[in-house]
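For ligands, and for the atoms within them, numbers begin at 1 and follow the listed sequence. Because the structure is predicted, anything quoted here is derived from the model rather than measured.
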Amino acid sequence: MTTETHKETLGFQAEIQQLLKLMIHSLYSNKEIFLRELISNASDAADKLRFEALTDNALYEGDSDLKISVSFDKENRTVTVTDNGIGMNRNEVMENVGTIAKSGTRQFFESLTGDQAKDARMIGQFGVGFYSAFIVADKVTLTTRRAGLGAEHGVRWESGGEGTYTLETVDKPARGTEVVLHLRSDEDEFLDGHRLRHIIHKYSDHIPLPIVMKAQDKDENETVNRASALWARPKKEISNEEYTEFYKHVSHDFEEPLAHVHSRVEGNQSYTTLFYVPKRAPFDLWDRDGRHGIKLYVRRVFIMDDAEQLMPNYLRFVRGVADSDDLPLNVSREILQRNKQIDTIRAASVKKVLGLLEELAKNDKEKYATFWKEFGRVLKEGPAEDYAHRERIAKLLRFASTHDDTDAQDVALEDYIARMKEGQGKIYYITADSFAAAKHSPHLEIFRKKGIEVLLLSDRVDEWLMGHFTEFEGKPLQSIAKGDLGLEALEDQEEKQELEKAADELKDLTVKMKEALGDKVKTVRVSHRLTRSPSCLVVEEHDMAVSMQKLLKAAGHAVPNVAPSLEINPQHPLVMRLNDESDAQRFTDWTHILFDQALLNEGGQLDDPSAFVQRLNELLVTLSK
Ligand code: ADP
Ligand code: MG
């Protein structure tokens with residue numbers, strides 16, 4: 001390797017410009033948080049070094065006394081944050097502070113509206129702390145060297161935040177990262193020891209490493225923060241503000257959390273957990289490679305980020321820490337996967353989080369509604385994933401229903417049961433592609449007539465949920481698009497006889513219709529479900545709902561073709577006319593129209609849409625003659 005400095009100028013990823021603008025706009029009123037973000041990064045860098053040093057002690061280079069230092073220089077108008085953490089090599093610098101490597105970046109930028117005020121509110125969710133330096137600085141110089149590399153492998157990154165940055169190879173004897181902020185002309189307030197100390201107290205007291213500054217009027221360093229693990233302190237000594245600031249650090253979120261639960265278990269095994277539920281879903285919630293899980297510590301020593309083993313998938317929105325007194329310091333991800341102590345902590349963690357959600361649902365309906373809006377679709381994965389807690393999770397589920405006919409998912413199964421009719425033995429629901437399709441489904445007609453509530457499900461995950469969730473408190477859950485509805489007890493004699501009579505009278509009609517439709521249907525029969533629509537499709541109890549078939553097909557699965565049954569409404573004028581139709585061709589056309597309409601209502605796709613349109617047009621012409 002030569003000693004040339006290898007300086008180059010590189011362009012930021014296009015989005016970063018946009019991001020910087022938004023960031024400055026949205027955070028200017030709270031600009032002091034730049035320091036919190038730089039300290040948070042320095043602390044993460046120390047954690048990473050500790051983790052890597054578990055298997056390679058040489059990375060400490062003889063100095064395992066990890067700390068962060070903050071200083072300022074009045075003359076040169078700079079503020080500097082230095083750490084002796086893991087540092088970065090040239091590639092890492094390019095990846096981490098030249099691009100946004102986060103999953104979900106593209107979706108984030110696509111979701112921006114162009115309205116600065118609105119978009120600015122979203123920036124915190126995206127969490128790109130480093131760039132907050134540009135709120136107060138018009139030039140940032142980051143010099144870093146990765147632990148374990150020689151002094152000549154230092155890298156200097158410098159940028160004015162205006163579209164490009166330079167990269168240069170430099171000598172850096174001290175491992176770690178130094179970030180120098182060249183303050184904008186009106187930001188002199190930060191060239192003040194009192195002010196900086198105050199900011200550190202306010203936002204970074206919980207950082208477990210010492211944050212040192214030069215003592216006032218003396219030439220020695222002093223530790224400014226409390227420098228102890230927040231979760232290890234007694235609950236009653238921790239203020240809400242402290243919990244909040246700690247949350248922002250562990251979650252990389254800029255907003256307050258929705259709720260937290262902090263607990264200590266002493267006994268056979270001892271551990272502390274501190275979990276948070278965020279207020280807003282992060283952008284990578286649906287990304288399998290996104291940042292999930294929580295931080296694992298052993299006796300206050302950071303072990304790893306994103307310890308997925310500690311939380312099941314359906315609680316992947318939870319952030320926070322678990323600190324075990326008993327695990328060995330050298331645990332690896334592999335060991336975690338089959339470790340009894342981890343299993344114990346995980347089981348207790350699930351109970352803690354479910355307990356927290358139950359408490360919110362009971363005591364703070366508004367917060368619970370926020371939670372549900374952001375994470376309800378994730379929690380719906382629970383009954384399938386966690387059989388043991390199925391009932392507990394089920395009580396936390398919320399649905400839209402015909403009770404108020406709005407798309408707000410706010411009906412608990414317990415509310416539903418409390419409103420059930422005399423003689424109603426089942427919990428009824430319908431699944432559809434959209435709320436509107438569910439709400440207007442012909443299957444609902446009989447239920448509306450009888451005043452029986454039906455849950456309206458239209459999230460993608462709902463089919464999956466209902467496939468794994470067949471009863472609640474002894475009451476079967478019944479899709480109203482399937483087989484036998486079990487409404488007998490709610491039917492009156494008169495209705496029953498009328499229906500039987502109609503079925504009898506229309507026997508020939510249903511036989512002829514079945515002939516016309518062939519394999520498309522299993523049977524054609526007279527319906528007791530319909531009041532306004534002429535027809536609907538019904539599948540047998542154990543067959544797959546039409547919407548589920550569609551979902552699986554879309555996901556590329558081979559789906560067995562199960563023909564539904566066509567049910568017709570004996571009172572509908574179209575059906576009555578069809579019964580009198582003598583022209584064979586017209587009879588076939590109209591029958592197909594009734595079938596196709598019913599399929600469309602289910603969100604199904606027509607095999608031959610143009611045939612449908614042609615038949616419909618012919619029918620319209622006939623009627624208008
Ligand atoms: P986040 O902290 O949420 O990942 P940031 O924008 O704050 O986002 O930082 C981006 C990345 O830059 C970090 O993930 C880290 O890899 C790297 N980085 C920033 N500061 C440091 C530092 N002091 N030491 C090592 N790496 C750092
Ligand atoms: Mg950060």
**Asked** Salt bridge between D325 and R264, side-chain N to carboxylate O under 4.0 Å?
**Response** yes

**Request:** Using a 4.0 Å heavy-atom threshold (strictly under), name the region of D83 that reaches ligand 1: side chain, backbone, both or neither.
**Result:** side chain

**Message:** Is there a polar contact, in the sense of an N or O pair closer than 3.5 Å, between D44 and ligand 1?
**Reply:** no

**Asked** What part of E92, side chain from CB on, backbone N/CA/C/O, both or neither, has a heavy atom under 4.0 Å from ligand 1?
**Response** neither

**Prompt:** Is the closest heavy atom of E37 to ligand 1 under 4.0 Å?
**Reply:** no

**Asked** Which ligand 1 atoms, with their elements, are less than 4.0 angstrom from a heavy-atom of H252?
**Response** 1 (P), 2 (O), 3 (O)

**Request:** Please determine if V97 has a nitrogen or oxygen closer than 3.5 Å to a nitrogen or oxygen of ligand 1.
**Result:** no

**Message:** Can you tell whether the side chains of R233 and E242 come within less than 4.0 Å, N to carboxylate O?
**Reply:** yes

**Prompt:** Would you call E61 and R145 a salt bridge, using N to O less than 4.0 angstrom?
**Reply:** yes

**Asked** Any salt bridge between R184 and E187, counting N to O under 4.0 Å?
**Response** no

**Asked** Which of the listed options, L38, I86, N41, holds the heavy atom that is closest to atom 7 (O) of ligand 1?
**Response** N41

**Prompt:** Looking at Y247, F246, Y271, F275, which hits ring-ring contact (aromatic ring centres under 6.0 Å, His included) with W231?
**Reply:** F246

**Location of contacts on K48 toward ligand 1, heavy atoms closer than 4.0 Å** = side chain

**Request:** Only heavy atoms count here, so choose which of D253, T144, N84, N96 is nearest to atom 10 (C) of ligand 1.
**Result:** N96

**Asked** Do H206 and Y243 have ring centres separated by under 6.0 Å?
**Response** no

**Prompt:** Do we get R280 above F317's six-membered ring, with its NZ or CZ under 6.0 Å from the centre and within 45° of the axis?
**Reply:** no

**Complete:** In ligand 1, the atoms that come under 4.0 Å of a heavy atom of A45 are 24 (N), 25 (C)

**Request:** Tell me whether S40 has at least one N, O or S atom under 2.8 Å from the Mg ion (ligand 2).
**Result:** no

**Asked** Would you say F130 has any N or O atom under 3.5 Å from an N or O of ligand 1, going by distance alone?
**Response** yes

**Prompt:** Salt bridge between K202 and E245, side-chain N to carboxylate O under 4.0 Å?
**Reply:** no

